[in-house]
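The next block holds one structure in the form of structure tokens; read it before the comments.
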Amino acid sequence: MGDEPRSFPFPYQPYSIQEQFMEALYNVLDQGKVGIFESPTGTGKSLSLICGALSWLKDHRKRKEEEAAQLLNSSQIVSNQQLSTSLAHSGITNSTEPDWITEFVQKKAERDLITKLKEEELKRRKREEQLEQIRHNSQLRYSLKRKKDNVQEEALRLLQLSKESRESGAVDCLEDGEEELIVAEYESDDDTKPKNIRYVDEDDDVGDLEEEHVTKVYYCSRTHSQLAQFVHEVQKSPFGKEIRLISLASRQNLCINDEVQRLASVHLINDRCMEMQKNKHAEKDKGEEPKRKKGVTKTVCPFSNHDAVQGLRDESLVKVRDVEQLVTLGKEIKACPYYGGRSAIPAAQLVVLPYQTLLHESTRRSSGIKLKDQVVIIDEAHNLIDTIACIHSSEVSGAQLCCAHSQLTQYMERYRNRLKAKNLMYIKQILFVLENLVRVLGGKVGQNPKAQTITHPGPELHTINNFLFKAQIDNINLFKVQKYCEKSLISRKLFGFIEKYQGNLLDTATKENYKSAGLEKYLQSLQRKDNHDAHSPDKKKPADELQPAMASPMFQLESFLFALTNANKDGRVVVHRQGTVAQSFLKFLLLNPAVYFSDVLKECRAVIIAGGTMQPIADFKEQLLFSAGLSPDRIVEFSCGHVIPPDNILPIILSSGPSGQKLEFTFHNRETPQMMDETGRILSNLCNVVPGGLVCFFPSYEYEKCVYAHWEKNGILDRLAAKKKIFQEPKKANQVEQVLAEYSKCIQRCRGGKDALTGALLLSVVGGKMSEGINFSDDLGRCVVMVGMPYPNIRSPELQEKMSYLDKNMPRVDGQSPGKVLIENLCMKAVNQSIGRAIRHCGDYASIILLDHRYARPNTLAKLPQWIRASTQVQSAFGPAFASLRKFFLEKKERNSV
């Protein structure tokens with residue numbers, strides 16, 4: 001292509017930095033590399049990602065089609081190079097075989113290649129024609145509508161059957177429906193499935209997942225709102241009409257079955273959905289089996305009809321939709337959006353999904369995602385390392401362990417005569433593990449964990465091997481136990497058992513009751529009690545009140561046991577004893593996130609790690625990329641400036657306050673009256689010159705509360721309130737919108753100059769609800785103040801262990817230990833996220849004040865985003881800094897009044 005820059009489709013004339021971004025992105029995808037891309041918020045990063053990546057995808061698809069056509073039409077079908085490759089794959093070389101064999105293999109390679117190309121081309125054309133017909137042919141839409149009506153009738157029939165099944169009873173020696181609660185015979189520890197059971201887990205699908213996966217882009221971000229925003233950007237882009245996009249989400253977000261949706265937890269929703277899928281497959285197989293005894297009709301989801309789900313799949317691919325729009329479509333068609341979306345993955349060109357779905361291997365596999373030779377874009381990736389560690393860490397409380405032991409014991413006693421030897425062996429192993437884990441916390445099973453007081457509280461930290469030895473479970477093969485849990489569905493069976501008896505078995509305190517009365521009579525009495533309560537409206541509790549208590553803690557235990565199968569060096573176990581056994585907990589910490597990210601890097605053609613603020617980048621390279629075995633020559637870094645003019649931002653590092661007090665907000669002196677008074681004087685002066693909104697970030701809620709109380713006592717708060725109305729960031733997430741709305745209204749009211757106040761002052765917390773994802777654009781944030789340096793709690797055992805791990809496994813950085821660099825980087829990542837809240841578009845302007853002389857250190861200053869660092873002033877005295885600020889806002893006022 002030469003040195004001539006590419007032209008990218010774009011909804012408007014792109015900024016030069018957007019053109020540079022797209023060019024760099026295109027090259028990374030084309031060369032199959034890993035890119036770290038930084039583009040400040042307000043520079044159109046999402047559109048640059050969309051247009052750059054989809055331009056490459058379109059060109060790539062076109063090149064593949066041209067190559068296939070050329071091979072099919074050319075007289076020389078297979079070039080020498082391709083023949084060599086084919087022969088290498090077949091394991092036959094020219095040097096060891098006669099000419100006639102070599103010629104035969106060559107001809108066969110040619111025929112096989114032609115056949116494969118023809119099949120792929122036929123599939124591609126068929127798919128394109130089908131989707132094009134759905135997009136333009138109204139007759140197909142009418143046909144689909146008729147199918148909807150038929151499906152609706154089927155749905156009503158299934159719902160009626162479901163209702164009848166709950167009202168009728170089974171003729172069997174067991175209680176109604178208990179046959180389903182017994183785990184199937186488990187014969188081996190290999191991958192062979194147990195006899196007489198058809199598993200329906202996350203890998204099963206309503207649609208056909210055998211379809212060839214086209215080359216595609218997987219785009220993931222942190223929240224559903226960010227994903228929805230990205231989809232809306234795609235809709236507005238030049239690719240909005242032609243791209244095949246599917247939005248993935250959890251069952252909790254996509255389920256349209258009211259009965260399932262009412263369940264309180266994600267585990268319960270997943271379990272009920274998969275149980276219904278199993279029942280559906282059992283219904284299909286019923287015709288092949290001898291006639292069964294009369295019994296309960298199993299509940300089947302009315303929205304899992306195959307034709308309807310396939311119709312939803314095709315409809316979802318011909319028009320770009322976000323999750324909410326996909327749910328609306330599912331309700332219209334009476335088809336499951338969750339399974340419809342999954343079945344659309346192979347044909348989709350752009351798949352939009354949350355972090356967890358892509359970064360968790362088993363979730364990725366169960367969702368039908370195949371990363372081989374595909375492109376992955378991870379947006380909002382500034383916390384990627386912590387996100388991966390969090391996804392693969394696990395915690396289980398003493399209350400959950402005791403509860404699981406109680407439940408599993410009662411389950412085993414109830415069905416002991418029906419459980420095969422292998423099942424009993426593994427259930428006893430799990431009970432042994434549970435008993436020992438409770439013992440490690442200082443308690444005993446069979447007793448109420450809330451009544452067992454901890455005598456020696458405090459955290460302990462262990463390697464995985466040391467913990468297994470301490471818990472005396474080092475002789476248990478956790479890999480086999482994990483496989484048993486996965487294959488036998490014991491957690492789901494146990495949940496069904498607990499659900500049947502309405503949660504009465506959850507309380508370990510009731511255990512003595514059934515010991516003396518006999519388990520059979522006790523269970524029967526519970527059943528009678530449930531039936532009586534069901535017919536007593538005044539005693540019946542709402543379903544949503546019961547659900548949280550009904551959730552089986554075995555799910556949590558499985559997650560913890562799986563975490564213990566990590567390599568000894570990659571994780572640590574925290575034993576935290578506090579108050580009672582119920583309040584104490586065990587926590588697994590993943591120290592090496594690269595062990596899980598390496599699969600993504602190995603499988604994908606290219607990976608893009610993008611964000612508005614990616615500095616410091618060294619963490620990503622050392623902890624994620626180099627540790628995963630990636631070579632430096634495969635990594636590309638790209639960081640662009642902002643679209644605002646340089647004079648629209650005024651960052652100042654302030655080393656001392658108005659009274660000359662040196663600004664050093666260390667943990668030891670930040671709560672001294674002198675430091676808190678000086679902070680108040682600085683803000684008071686800033687309120688005199690800053691128009692509109694001023695956002696002040698404190699290192700923690702505790703410190704913000706301490707400073708606020710001090711200002712109330714000495715009158716500083718009154719002086720501040722005389723100039724700007726004061727708002728505080730709430731701790732509860734559901735109050736954030738209300739505070740922001742009032743803050744915004746106050747600034748708008750003051751804008752006309754009729755009010756005595758000049759705007760509003762918002763006291764926020766780094767890492768809180770308003771340091772990420774909130775836009776303080778225009779007058780909402782004309783100045784952002786950072787009080788001190790928000791270092792993490794270095795006394796935390798988890799952080800100390802992470803530092804120790806890095807010191808042992810990572811190289812020193814500029815003479816500093818990796819652990820110390822980690823602390824500095826965590827601090828500056830938090831700072832960069834907070835101060836980036838103010839500038840949101842090309843016409844915006846704001847000042848940024850960093851209150852602490854330590855920001856001026858070269859290593860620290862270098863970790864600010866380049867577009868901020870380039871304009872930063874270091875002021876040792878308050879006077880010159882205040883003069884710069886006054887001049888900055890006067891100039892902006894004069895310019896805007898012209």
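Computed over heavy atoms, backbone and side chain alike; hydrogens, waters and symmetry mates excluded.
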Within residues 599-609 or reaching into it, pairs that qualify as side chain to side chain donor-acceptor pair (under 3.5 Å) - sequence neighbours excluded: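 Checked against side chain to side chain donor-acceptor pair (under 3.5 Å) - neighbours excluded - no pair reaches residues 599-609.
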SB check K45 D379 (cutoff 4.0 Å):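 Salt bridge: yes.
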Pairing of E361 and R365 as salt bridge, 4.0 angstrom limit: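 Judged by the 4.0 Å cut-off on N to carboxylate O distance, E361 and R365 do form a salt bridge.
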Short question: side chain of [X], backbone of [Y] - any donor-acceptor pair under 3.5 Å?
| X | Y | value |
| --- | --- | --- |
| H60 | W56 | no |
| Q229 | H224 | no |
| E729 | V765 | yes |
| Q349 | R244 | yes |
| S237 | F239 | yes |

F560/F562 under ring pair (Phe, Tyr, Trp, His ring centres under 6.0 Å): CA gap, chis, key distance, verdict: CA-CA 5 Å; F560 183 72; F562 173 74; over 10 Å; no
Side chain to side chain, P11 and P238, heavy atoms closer than 4.5 Å: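 In short, these two side chains touch, coming nearer than 4.5 Å.
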Any side-chain heavy-atom pair of T357 and R364 under 4.5 Å: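 The answer is no, as the side chains (C-beta and beyond) never meet within the 4.5 Å cut-off.
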Other residues, nucleotides, ligands: >12 heavy atoms within 6.0 Å of K587 NZ: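 No, NZ of K587 has 12 or fewer neighbouring heavy atoms, counting only those of other groups under 6.0 Å.
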Could you verify whether a donor N or O on one side chain and an acceptor N or O on the other, from [X] and [Y], lie under 3.5 Å apart?
| X | Y | answer |
| --- | --- | --- |
| Y596 | N566 | yes |
| E558 | S491 | yes |
| R251 | Y339 | yes |
| Q235 | Q325 | yes |

Minimal non-hydrogen separation, G768 against Y701, with atom names: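 So the minimum-distance heavy-atom pair works out to CA-OH, 3.8 Å.
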